[in-house]
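Naming convention: chains lettered A, B, ... in sequence-line order (proteins, then strands); numbering from 1 in each chain.
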Amino acid sequence: MDYNKLANMLFPNINKTISYYENEVFPKRNLKEGAKVTRLAPSPTGFIHLGNLYGAFVDERLAHQSDGVFMLRIEDTDEKRKVEGAVETIITSLKFFDLNFDEGALIDGENGDYGPYYQSNRAEIYQCVAKYLIEQGRAYPCFCTEEELEDIRREQEAEGVNTGYYGKWAKYRNATIEEIQEHLDNGESFVVRFKSNGTEEGKFEIDDAIRGRLEIHENYQDVVILKTNGIPTYHFAHVVDDHLMRVTHVVRGEEWLSTLPIHYELFKTIGWDTPIYCHTAHLMKMDNGSKRKLSKRKDPELGLGYYMELGYHPAAVREYLMTILNSDFEEWRIANPEGNIEEFEFTLNKMSNSGALFDLDKLNNISKDVLLKIPVEEIYVFLLNWSKEHKPEIVNILENNRESVIKLLSIGRNDNKPRKDLMYCEQIFEFISYFFDEYFSIVDNYPENIDGAEAKKLLQKYLNTYNHSDDQSQWFDKIRTISSENGYAAKPKDYKKNPDMYKGHVGDVSTVIRIALVGRSVSPDVWEIQQIMGKEKVLERLKKVIN
RNA sequence: GGCCCUAUGGUCAAGCGGUUAAGACACCGCCCUUUCACGGCGAUAACCCGGGUUCGAGUCCCGGUAGGGUCACCA
């Protein structure tokens, strides 16, 4: 068989050689020793979930910790799945989480010397490598129709053998050049298949930077490397691109473990070294009592958009992700509470091999701490920007009350034991919404021991003695006085000792006042809230309840 | 079903042949306290099962079991 002839029959217009690309177009990168080159390679379906972000962090940390390169390559080899605007979503989402690419695809165009970074624009490169494999007798055209492949599969299932295109089932593996010519003359379209030399029994070993040494079966399938449209399948694109883009570490989900043999054989056959593989565990979700992999379709609530909508701060999400990414991060954080997250040395071998369940409680807890470290003015800006995107009806309120909002968010923040009230924007606004008349309403009930008439009586007394310029202790002394004059213990401890002697204690009286002012039985310090509200609003709210 | 990966409290996890089996979150209790939050203290709670190897196994080996993944001209 004249393979060169076959190659030219199939790809008459491909004249470049692999060495041309290797030496002239994509030469080895000039990076310092140990620099890692990583890539995020999403398909443009327009949806990114937490799991993608999780993987992206690994790529980013690896690259930027080593003065390497972090790039974005768009795997748009499947037209059917392409979604308009998806690339923009990917880039802006990742940027939101402070993941910035050094090279690769941009929203409009691209940047870097190893492009094109859209796989759909690299057809010539893939075809060149495919042509080389054909010349070597290690790839061939296949003219099977979908129906034929379906028939093969059914037969294999009936026989109880492994499904796939291999061995005696590989109809075109040994086709003669004349037979091929005939199909071509008929105008039939073809795919290019890799001619595997592996066996079903064969095994080999390979190291994975996360999982350690892996013993895996050889590939024995003649997989499709170029589709009828001349665009590669993932397997081929991965091998060609990651080699020519000089990627050193391939970080991807563990779902790729099962096709690793294909990639390995392709690398070896072309004569290239394999990159260092890093197969990450999946982020899982609880579904009907059992864990499962995050799914784009089923789990929109785990999409990045969901967290952006609720208004989680990117730093909080990053911090959370880091705790599940590296097992010793939390210890490091406890030892370095003020340290920048980039100072933490991320390592692959401390990554877990088993899938972690996403834990919202933990995220919330971490978020409280993270937000506490962010200056309140910045939180205000963050909240405002969030509202513009996700809650436009409150934009004016926030803009017109900048000073008040900042003060409200600051209550108790600078104490020795600071309050940690803030978690995410949706919750933050809810937390201060009572301040705005449009959102204020009385939602909680008075304590059980106080009825409406009693509450009004107490509020009237409070109103009578109210002096807006009282300092905090003067103010509270008055409440104690009102309490004891009306049959309530001025100190809760007194009440606990002799509950029969009192109607309640000062806490109950405070609660009545708090409800009148903020509508709820729970809030930060009432005196501070009053000072922020101003005298007019305080009196207005009190009178509203009394009358 | 074949092949592959994984398996420590409710969750995330330390552990690398000898430990009273860390820590964090959640939950519960107590303290602090005008509510809540914060903080402090404390409690409950785990090595999937069965065989080996070994003086000794969560740790190594083999078999189950369970969960997950994958078996496309999708990535």
Spacing of the [atom1] atoms in [M] and [N] (rounded, Å):
{"N": "rC60(B)", "M": "rC28(B)", "atom1": "C1'", "answer": "40 Å"}
{"N": "rG18(B)", "M": "rG69(B)", "atom1": "P", "answer": "35 Å"}
{"N": "rA43(B)", "M": "rC55(B)", "atom1": "C1'", "answer": "37 Å"}
{"N": "rA57(B)", "M": "rG39(B)", "atom1": "P", "answer": "42 Å"}
{"N": "rC47(B)", "M": "rU11(B)", "atom1": "P", "answer": "13 Å"}
{"N": "rA13(B)", "M": "rG52(B)", "atom1": "P", "answer": "33 Å"}
{"N": "rG2(B)", "M": "rC16(B)", "atom1": "P", "answer": "36 Å"}
{"N": "rG29(B)", "M": "rG15(B)", "atom1": "P", "answer": "34 Å"}

Spacing between [X] atom [atom1] and [N] atom [atom2], to the nearest angstrom:
{"X": "Leu321(A)", "N": "rA13(B)", "atom1": "CG", "atom2": "P", "result": "12 Å"}
{"X": "Ile366(A)", "N": "rU11(B)", "atom1": "CD1", "atom2": "P", "result": "17 Å"}
{"X": "Ile324(A)", "N": "rU6(B)", "atom1": "CD1", "atom2": "P", "result": "18 Å"}
{"X": "Glu331(A)", "N": "rA22(B)", "atom1": "CD", "atom2": "P", "result": "14 Å"}
{"X": "Asp361(A)", "N": "rC27(B)", "atom1": "CG", "atom2": "P", "result": "7 Å"}
{"X": "Glu218(A)", "N": "rC4(B)", "atom1": "CD", "atom2": "C1'", "result": "16 Å"}
{"X": "Ile48(A)", "N": "rA75(B)", "atom1": "CD1", "atom2": "C1'", "result": "15 Å"}
{"X": "Leu372(A)", "N": "rA37(B)", "atom1": "CG", "atom2": "C1'", "result": "12 Å"}

Step-by-step ring pair (Phe, Tyr, Trp, His ring centres under 6.0 Å) determination, Tyr234(A) to Trp256(A):
CA-CA 11 Å; Tyr234(A) 170 85; Trp256(A) 294 108; 3.8 Å; yes

Looking at [options], which one has an atom nearest to any side-chain atom of [X]?
{"X": "Trp475(A)", "options": "rU34(B), rA24(B), rC36(B)", "value": "rU34(B)"}
{"X": "Glu330(A)", "options": "rC12(B), rA75(B), rC4(B)", "value": "rC12(B)"}
{"X": "Lys420(A)", "options": "rG69(B), rA37(B), rG39(B)", "value": "rG39(B)"}
{"X": "Arg514(A)", "options": "rU34(B), rU11(B), rA75(B)", "value": "rU34(B)"}
{"X": "Phe476(A)", "options": "rU34(B), rU70(B), rC74(B)", "value": "rU34(B)"}
{"X": "Ser352(A)", "options": "rA13(B), rA75(B), rA24(B)", "value": "rA13(B)"}
{"X": "Thr163(A)", "options": "rC71(B), rC12(B), rU6(B)", "value": "rC71(B)"}
{"X": "Ser510(A)", "options": "rU34(B), rC73(B), rC36(B)", "value": "rU34(B)"}
{"X": "Val522(A)", "options": "rU35(B), rC25(B), rA75(B)", "value": "rU35(B)"}
{"X": "His217(A)", "options": "rC25(B), rA7(B), rC3(B)", "value": "rC3(B)"}

Just by distance, no angles: are the side chains of [X] and [Y] close enough, under 3.5 Å, to form a donor-acceptor pair?
{"X": "Asp508(A)", "Y": "Tyr495(A)", "value": "no"}
{"X": "Tyr277(A)", "Y": "His263(A)", "value": "no"}
{"X": "Gln427(A)", "Y": "Asn364(A)", "value": "no"}
{"X": "Asp222(A)", "Y": "Tyr140(A)", "value": "yes"}

With RNA chain B as reference, determine whether Leu363(A) or Glu215(A) sits nearer its 5' end, using the nearest nucleotide of each.
Glu215(A)

How do Arg211(A) and Lys493(A) order along RNA chain B: which one's closest nucleotide is nearer the 5' end?
Arg211(A)

Hunt down any stem RNA chain B takes part in, defined as 3 or more consecutive Watson-Crick or G-U pairs whose two distances are each under 3.5 Å.
B:1-7 with B:65-71, B:10-12 with B:23-25, B:28-31 with B:39-42, B:48-52 with B:60-64

Counting only side-chain N and O atoms of [X], is one of them less than 4.0 Å from OP1 or OP2 of [N]?
{"X": "Lys227(A)", "N": "rC74(B)", "value": "yes"}
{"X": "Asn365(A)", "N": "rA26(B)", "value": "yes"}
{"X": "Thr233(A)", "N": "rA75(B)", "value": "no"}

Can you check whether any acceptor in the base of [N] is under 3.5 Å from a donor in the side chain of [X], or vice versa?
{"X": "Arg520(A)", "N": "rC36(B)", "result": "no"}
{"X": "Lys362(A)", "N": "rA24(B)", "result": "yes"}
{"X": "Ser354(A)", "N": "rU6(B)", "result": "no"}
{"X": "Ser258(A)", "N": "rC71(B)", "result": "no"}

Using a heavy-atom cut-off of 4.0 Å across all strands, would you classify [X] as base, sugar-phosphate, or nothing?
{"X": "Asn353(A)", "result": "sugar-phosphate"}
{"X": "Pro42(A)", "result": "nothing"}
{"X": "Asp525(A)", "result": "base"}
{"X": "Arg193(A)", "result": "sugar-phosphate"}
{"X": "Glu146(A)", "result": "nothing"}
{"X": "Lys368(A)", "result": "sugar-phosphate"}
{"X": "Ser189(A)", "result": "nothing"}
{"X": "Ser327(A)", "result": "sugar-phosphate"}
{"X": "Val191(A)", "result": "base"}

Contacts of type salt bridge (charged side-chain N to carboxylate O under 4.0 Å, His left out), residue Arg419(A), not counting sequence neighbours:
Asp421(A)

All side-chain contact (heavy atoms from CB on, under 4.5 Å) counterparts of Ser258(A), not counting sequence neighbours:
none

Pi-cation contact, Phe440(A) with Arg541(A) (under 6.0 Å, within 45°)
yes

Strictly below 4.0 Å, N to O, side chains only: are Glu528(A) and Arg413(A) in salt-bridge contact?
no

Can you name the one residue among Val538(A), Leu517(A), Ile479(A) that meets side chain to side chain contact (heavy atoms under 4.5 Å, CB included) with Val526(A)?
Leu517(A)

Check each of Asp59(A), Asp242(A), Asp241(A) against Arg39(A) using the side chain to side chain donor-acceptor pair (under 3.5 Å) test, and report the only one that passes.
Asp242(A)

